[in-house]
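This report concerns only the one structure given below.
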Amino acid sequence: MTHRHKNKFTQAELWDAARYTLQALEDIVAESFLVGGAALYLHGLQRDVGDLDFVALLCCEECIRCQHCIKRALVNEYPERFYLKDSVKPDAKYQILMYKVPLTGNSIKIDILTREDSGVEIPDELGIEHTVVLSDFPVVPLEFLLYHKLLGWERRMRSRYPNYREIAMTKDKDDIYNLCSLLYDNGLRPIEVAFGSFDYRELLRKRAELFMLKYGSEAEYHLALVGLLGR
(Lines give C-alpha, C1' and ligand atoms only; values in the text may rest on other atoms or scores of the structure.)
Protein backbone atom coordinates (compact mmCIF):
# COMPACT_ATOMS: atom_id res chain seq x y z
CA MET A 1 0.00 0.00 0.00
CA THR A 2 1.35 3.46 -0.93
CA HIS A 3 1.90 5.66 2.12
CA ARG A 4 0.42 9.12 1.86
CA HIS A 5 1.46 12.14 3.92
CA LYS A 6 -1.28 13.69 6.08
CA ASN A 7 -1.50 16.37 3.35
CA LYS A 8 -2.46 13.55 0.94
CA PHE A 9 0.63 13.23 -1.23
CA THR A 10 2.96 10.24 -1.51
CA GLN A 11 6.71 10.26 -1.02
CA ALA A 12 7.16 9.64 -4.75
CA GLU A 13 5.02 12.70 -5.49
CA LEU A 14 7.09 14.76 -3.05
CA TRP A 15 10.36 13.90 -4.81
CA ASP A 16 8.77 14.47 -8.21
CA ALA A 17 7.81 17.94 -6.97
CA ALA A 18 11.38 18.57 -5.79
CA ARG A 19 12.79 17.48 -9.14
CA TYR A 20 10.31 19.58 -11.10
CA THR A 21 10.91 22.69 -8.95
CA LEU A 22 14.70 22.45 -9.25
CA GLN A 23 14.35 22.17 -13.03
CA ALA A 24 11.96 25.14 -13.15
CA LEU A 25 14.30 27.26 -11.01
CA GLU A 26 17.10 26.74 -13.56
CA ASP A 27 15.32 29.23 -15.85
CA ILE A 28 14.97 31.84 -13.10
CA VAL A 29 18.04 31.77 -10.81
CA ALA A 30 21.68 30.77 -11.15
CA GLU A 31 21.73 27.87 -8.70
CA SER A 32 19.30 26.14 -6.38
CA PHE A 33 19.45 23.25 -3.93
CA LEU A 34 17.44 21.57 -1.20
CA VAL A 35 17.49 22.63 2.44
CA GLY A 36 15.14 22.02 5.38
CA GLY A 37 13.31 18.79 6.19
CA ALA A 38 13.84 17.21 2.77
CA ALA A 39 17.58 17.79 3.07
CA LEU A 40 17.59 16.28 6.57
CA TYR A 41 15.79 13.23 5.20
CA LEU A 42 18.22 12.77 2.32
CA HIS A 43 21.16 13.04 4.74
CA GLY A 44 19.72 10.09 6.65
CA LEU A 45 17.46 11.52 9.36
CA GLN A 46 14.25 9.53 8.98
CA ARG A 47 11.33 11.93 9.33
CA ASP A 48 8.00 12.93 7.84
CA VAL A 49 8.64 15.58 5.14
CA GLY A 50 5.61 17.83 4.72
CA ASP A 51 6.96 20.53 2.40
CA LEU A 52 10.00 21.51 0.32
CA ASP A 53 12.56 24.25 0.99
CA PHE A 54 15.04 25.50 -1.60
CA VAL A 55 17.99 27.89 -1.45
CA ALA A 56 18.05 30.02 -4.60
CA LEU A 57 21.30 31.80 -5.50
CA LEU A 58 21.34 34.70 -7.92
CA CYS A 59 23.98 35.31 -10.58
CA CYS A 60 23.78 39.01 -11.48
CA GLU A 61 22.10 42.33 -10.72
CA GLU A 62 19.44 41.62 -13.35
CA CYS A 63 18.30 38.45 -11.58
CA ILE A 64 15.00 38.31 -9.74
CA ARG A 65 15.89 39.50 -6.27
CA CYS A 66 13.36 38.33 -3.68
CA GLN A 67 11.40 35.28 -2.60
CA HIS A 68 8.07 36.66 -3.73
CA CYS A 69 9.39 37.63 -7.17
CA ILE A 70 10.80 34.14 -7.69
CA LYS A 71 7.52 32.59 -6.58
CA ARG A 72 5.59 34.83 -8.94
CA ALA A 73 7.94 33.95 -11.81
CA LEU A 74 7.38 30.22 -11.20
CA VAL A 75 3.61 30.73 -11.26
CA ASN A 76 3.80 32.80 -14.43
CA GLU A 77 6.10 30.36 -16.24
CA TYR A 78 4.50 27.13 -15.02
CA PRO A 79 0.85 27.86 -14.11
CA GLU A 80 -0.05 24.21 -14.61
CA ARG A 81 2.15 23.25 -11.63
CA PHE A 82 2.44 26.28 -9.33
CA TYR A 83 0.02 28.71 -7.69
CA LEU A 84 0.04 31.22 -4.81
CA LYS A 85 -2.34 31.24 -1.87
CA ASP A 86 -2.75 33.60 1.08
CA SER A 87 -1.23 32.73 4.42
CA VAL A 88 -3.58 31.79 7.23
CA LYS A 89 -1.74 34.24 9.52
CA PRO A 90 -3.79 37.45 9.69
CA ASP A 91 -0.69 39.70 9.81
CA ALA A 92 1.25 37.92 7.03
CA LYS A 93 2.57 40.09 4.20
CA TYR A 94 3.42 37.23 1.88
CA GLN A 95 1.75 34.50 -0.14
CA ILE A 96 2.57 30.79 -0.03
CA LEU A 97 3.83 28.98 -3.12
CA MET A 98 2.13 25.65 -3.79
CA TYR A 99 3.00 22.85 -6.21
CA LYS A 100 0.04 21.04 -7.82
CA VAL A 101 0.45 17.27 -7.70
CA PRO A 102 -0.64 16.06 -11.15
CA LEU A 103 -3.91 14.15 -11.46
CA THR A 104 -4.71 14.26 -7.72
CA GLY A 105 -5.97 17.71 -6.72
CA ASN A 106 -3.41 17.72 -3.88
CA SER A 107 -0.69 20.31 -3.32
CA ILE A 108 2.76 20.59 -1.70
CA LYS A 109 4.03 23.77 -0.03
CA ILE A 110 7.23 25.18 -1.55
CA ASP A 111 9.49 27.71 0.19
CA ILE A 112 12.24 29.68 -1.55
CA LEU A 113 15.14 31.14 0.47
CA THR A 114 17.52 33.79 -0.90
CA ARG A 115 20.33 35.87 0.56
CA GLU A 116 18.43 39.00 -0.40
CA ASP A 117 15.58 38.33 2.04
CA SER A 118 16.11 39.45 5.61
CA GLY A 119 16.36 36.84 8.32
CA VAL A 120 17.42 33.92 6.13
CA GLU A 121 21.17 34.16 6.89
CA ILE A 122 22.62 32.26 3.95
CA PRO A 123 26.41 32.79 4.09
CA ASP A 124 27.84 34.69 1.11
CA GLU A 125 30.44 31.96 0.69
CA LEU A 126 27.93 29.11 0.44
CA GLY A 127 27.59 27.94 -3.16
CA ILE A 128 26.64 24.96 -5.26
CA GLU A 129 30.21 23.66 -4.94
CA HIS A 130 29.56 23.03 -1.23
CA THR A 131 26.46 20.92 -1.81
CA VAL A 132 26.37 17.14 -1.87
CA VAL A 133 24.39 15.04 -4.33
CA LEU A 134 22.03 12.61 -2.61
CA SER A 135 19.53 10.51 -4.60
CA ASP A 136 20.35 12.77 -7.57
CA PHE A 137 19.37 15.95 -5.67
CA PRO A 138 21.75 18.83 -4.80
CA VAL A 139 21.52 19.19 -1.02
CA VAL A 140 23.07 21.65 1.44
CA PRO A 141 25.86 20.21 3.60
CA LEU A 142 25.11 18.84 7.05
CA GLU A 143 27.09 21.64 8.68
CA PHE A 144 24.77 24.31 7.29
CA LEU A 145 21.71 22.29 8.24
CA LEU A 146 22.76 22.50 11.89
CA TYR A 147 23.24 26.27 11.58
CA HIS A 148 19.88 26.63 9.85
CA LYS A 149 18.11 24.43 12.42
CA LEU A 150 19.56 26.42 15.35
CA LEU A 151 18.41 29.62 13.64
CA GLY A 152 14.90 28.19 13.19
CA TRP A 153 14.84 27.00 16.82
CA GLU A 154 15.77 30.46 18.12
CA ARG A 155 13.18 32.20 15.94
CA ARG A 156 10.40 29.83 16.99
CA MET A 157 11.32 30.15 20.66
CA ARG A 158 10.91 33.92 20.35
CA SER A 159 7.62 33.65 18.44
CA ARG A 160 4.35 34.92 19.89
CA TYR A 161 2.60 31.87 18.46
CA PRO A 162 2.43 29.02 21.04
CA ASN A 163 2.42 26.31 18.34
CA TYR A 164 5.73 27.65 16.97
CA ARG A 165 7.31 27.48 20.42
CA GLU A 166 6.00 23.94 20.80
CA ILE A 167 7.70 22.94 17.52
CA ALA A 168 10.96 24.48 18.77
CA MET A 169 10.84 22.52 22.02
CA THR A 170 10.03 19.19 20.39
CA LYS A 171 10.78 18.70 16.69
CA ASP A 172 13.56 21.30 16.40
CA LYS A 173 15.28 20.13 19.57
CA ASP A 174 15.27 16.49 18.44
CA ASP A 175 16.53 17.48 14.98
CA ILE A 176 19.44 19.39 16.51
CA TYR A 177 20.43 16.42 18.69
CA ASN A 178 20.21 14.05 15.72
CA LEU A 179 22.19 16.41 13.49
CA CYS A 180 24.96 16.64 16.07
CA SER A 181 25.15 12.85 16.25
CA LEU A 182 25.18 12.55 12.44
CA LEU A 183 27.89 15.20 12.11
CA TYR A 184 29.98 13.43 14.76
CA ASP A 185 29.56 10.05 13.05
CA ASN A 186 30.83 11.60 9.80
CA GLY A 187 33.74 13.42 11.44
CA LEU A 188 32.34 16.85 10.53
CA ARG A 189 32.75 20.03 12.56
CA PRO A 190 30.41 22.88 11.52
CA ILE A 191 32.75 25.57 12.81
CA GLU A 192 35.46 24.58 10.31
CA VAL A 193 33.56 24.71 7.00
CA ALA A 194 34.97 26.51 3.96
CA PHE A 195 31.88 28.71 3.67
CA GLY A 196 32.06 29.76 7.33
CA SER A 197 32.71 33.50 7.55
CA PHE A 198 33.51 35.17 10.88
CA ASP A 199 29.86 36.23 11.29
CA TYR A 200 28.66 32.72 10.50
CA ARG A 201 30.95 31.18 13.13
CA GLU A 202 30.03 33.75 15.77
CA LEU A 203 26.30 33.32 15.22
CA LEU A 204 26.67 29.55 15.27
CA ARG A 205 28.49 29.70 18.63
CA LYS A 206 25.97 32.18 20.05
CA ARG A 207 22.98 30.03 19.13
CA ALA A 208 24.69 26.88 20.39
CA GLU A 209 25.20 28.60 23.75
CA LEU A 210 21.54 29.71 23.87
CA PHE A 211 20.46 26.16 23.10
CA MET A 212 22.70 24.79 25.88
CA LEU A 213 21.36 27.34 28.38
CA LYS A 214 17.83 26.18 27.59
CA TYR A 215 18.40 22.41 27.74
CA GLY A 216 21.42 21.99 29.98
CA SER A 217 23.75 19.00 30.11
CA GLU A 218 22.02 16.97 27.38
CA ALA A 219 22.42 19.83 24.90
CA GLU A 220 25.98 20.45 26.08
CA TYR A 221 26.87 16.83 25.40
CA HIS A 222 25.54 16.89 21.83
CA LEU A 223 27.03 20.28 20.93
CA ALA A 224 30.41 19.28 22.35
CA LEU A 225 30.44 16.27 20.01
CA VAL A 226 30.83 18.63 17.05
CA GLY A 227 33.22 21.10 18.67
CA LEU A 228 30.74 23.87 19.44
CA LEU A 229 31.28 23.75 23.20
CA GLY A 230 34.13 22.69 25.38
CA ARG A 231 33.63 19.48 27.31
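All heavy atoms count here, side chains included; hydrogens, waters and symmetry mates do not.
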Between [X] and [Y], which heavy-atom pair has the shortest distance, and what is it?
X: Gly37; Y: Val49; result: O-CG2, 3.8 Å
X: Ala17; Y: Ile108; result: CB-CD1, 3.9 Å
X: Ser159; Y: Arg165; result: O-NH1, 2.6 Å
X: Ile28; Y: Ala73; result: CD1-CB, 3.9 Å

Give a yes or no on whether [X] atom [atom1] has more than 12 heavy-atom contacts from other residues, nucleotides or ligands under 6.0 Å away.
X: Tyr164; atom1: OH; value: no
X: Leu103; atom1: CG; value: no
X: Gln23; atom1: CD; value: no
X: Asp136; atom1: CG; value: no

In terms of ring plane angle, is the pair Tyr20 and Tyr78 parallel, tilted or perpendicular, where the classes change at 30° and 60°?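 Correct class here is perpendicular.
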Verdict with supporting geometry, Leu57 and Val29, side chain to side chain contact (heavy atoms under 4.5 Å, CB included): CA-CA 6 Å; Leu57 301 182; Val29 299; over 6 Å; no
Does some side-chain heavy atom of [Y] sit less than 4.5 Å from a side-chain heavy atom of [X]?
X: Ile128; Y: Pro138; answer: yes
X: Phe82; Y: Asn76; answer: no
X: Met157; Y: Lys214; answer: yes
X: Met98; Y: Ile110; answer: no
X: Arg189; Y: Glu192; answer: yes
X: Leu74; Y: Leu25; answer: yes
X: Ile191; Y: Leu204; answer: yes
X: Leu84; Y: Lys71; answer: yes

Should [X] and [Y] be counted in the same cluster of Ile, Leu, Val, Met, Phe, Trp and Tyr side chains packed under 4.5 Å apart?
X: Leu45; Y: Ile167; answer: no
X: Leu151; Y: Val35; answer: no
X: Leu182; Y: Trp153; answer: yes

Anything under 3.5 Å between a donor and an acceptor, one on a side chain of residues 174-181, the other on a protein residue two or more places apart or in another chain? List them.
unit_1: Asp175; atom_1: OD1; unit_2: Arg47; atom_2: NH1; d: 2.7
unit_1: Asp175; atom_1: OD2; unit_2: Arg47; atom_2: NH1; d: 2.7
unit_1: Asp175; atom_1: OD2; unit_2: Lys149; atom_2: NZ; d: 3.1
unit_1: Asn178; atom_1: ND2; unit_2: Asp174; atom_2: O; d: 3.2
unit_1: Ser181; atom_1: OG; unit_2: Tyr177; atom_2: O; d: 3.3

Derivation and outcome, side-chain hydrogen bond (donor to acceptor under 3.5 Å, both in side chains), residues Gln11 and Tyr41: CA-CA 11 Å; Gln11 189 172 81; Tyr41 182 91; 3.0 Å; yes
Could you go through the side chain to side chain contact (heavy atoms under 4.5 Å, CB included) check for Val120 and Val55 one step at a time? CA-CA 10 Å; Val120 177; Val55 170; over 6 Å; no
With Ser32 as reference, evaluate Leu113, Thr114, Leu22 under the side-chain contact (heavy atoms from CB on, under 4.5 Å) test and give the passing residue.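 Only one option passes, and that is Leu22.
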Using the side-chain hydrogen bond (donor to acceptor under 3.5 Å, both in side chains) criterion, which residues pair with Asp124? Sequence neighbours excluded.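 If we apply the side-chain hydrogen bond (donor to acceptor under 3.5 Å, both in side chains) test to Asp124, skipping adjacent residues, there are no hits.
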May I ask you to decide if Ile112's main-chain N or O and Gln67's side chain share a donor-acceptor pair within less than 3.5 Å?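 Yes; judged by distance alone, with no hydrogens or angles, the pair exists.
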Closer than 3.5 angstrom, by distance alone: can the side chain of His43 be matched with the main-chain N or O of Pro141 as a donor-acceptor pair?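 No.
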In Å, rounded to the nearest 0.5 Å, how long is the span from [atom1] of [X] to [atom2] of [Y]?
X: Lys100; Y: Ser107; atom1: NZ; atom2: OG; result: 8.0 Å
X: Ile70; Y: Leu97; atom1: CD1; atom2: CG; result: 10.5 Å
X: Leu150; Y: Lys206; atom1: CG; atom2: NZ; result: 12.0 Å
X: Leu42; Y: Trp15; atom1: CG; atom2: CH2; result: 4.0 Å
X: Met169; Y: Arg156; atom1: CE; atom2: CZ; result: 12.0 Å
X: Leu228; Y: Leu146; atom1: CG; atom2: CG; result: 6.0 Å

Quick one: are the ring centres of Phe54 and Phe33 less than 6.0 Å apart?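 No, they do not, as the ring centres are separated by 6.0 Å or more.
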Over-ring placement of Lys173 relative to Tyr215, 6.0 Å and 45° cut-offs: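 Yes, cation above the ring, under 6.0 Å and within 45°.
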Run the numbers on Leu183 and Leu225 for side chain to side chain contact (heavy atoms under 4.5 Å, CB included), then give the verdict. CA-CA 8 Å; Leu183 283 159; Leu225 287 176; over 6 Å; no
Trace of the side chain to side chain contact (heavy atoms under 4.5 Å, CB included) decision for Asp111 with Asp53: CA-CA 5 Å; Asp111 203 5; Asp53 302 296; 3.1 Å; yes
Would you tell me whether Glu121 and Tyr147 have side-chain atoms, one donor and one acceptor, within less than 3.5 Å of each other?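 Side chains of Glu121 and Tyr147: pair found under 3.5 Å.
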Does His148 have any ring-ring contact (aromatic ring centres under 6.0 Å, His included) partners at least two apart in sequence or in another chain, and if so, which?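 ring-ring contact (aromatic ring centres under 6.0 Å, His included) check on His148 returns Phe144.
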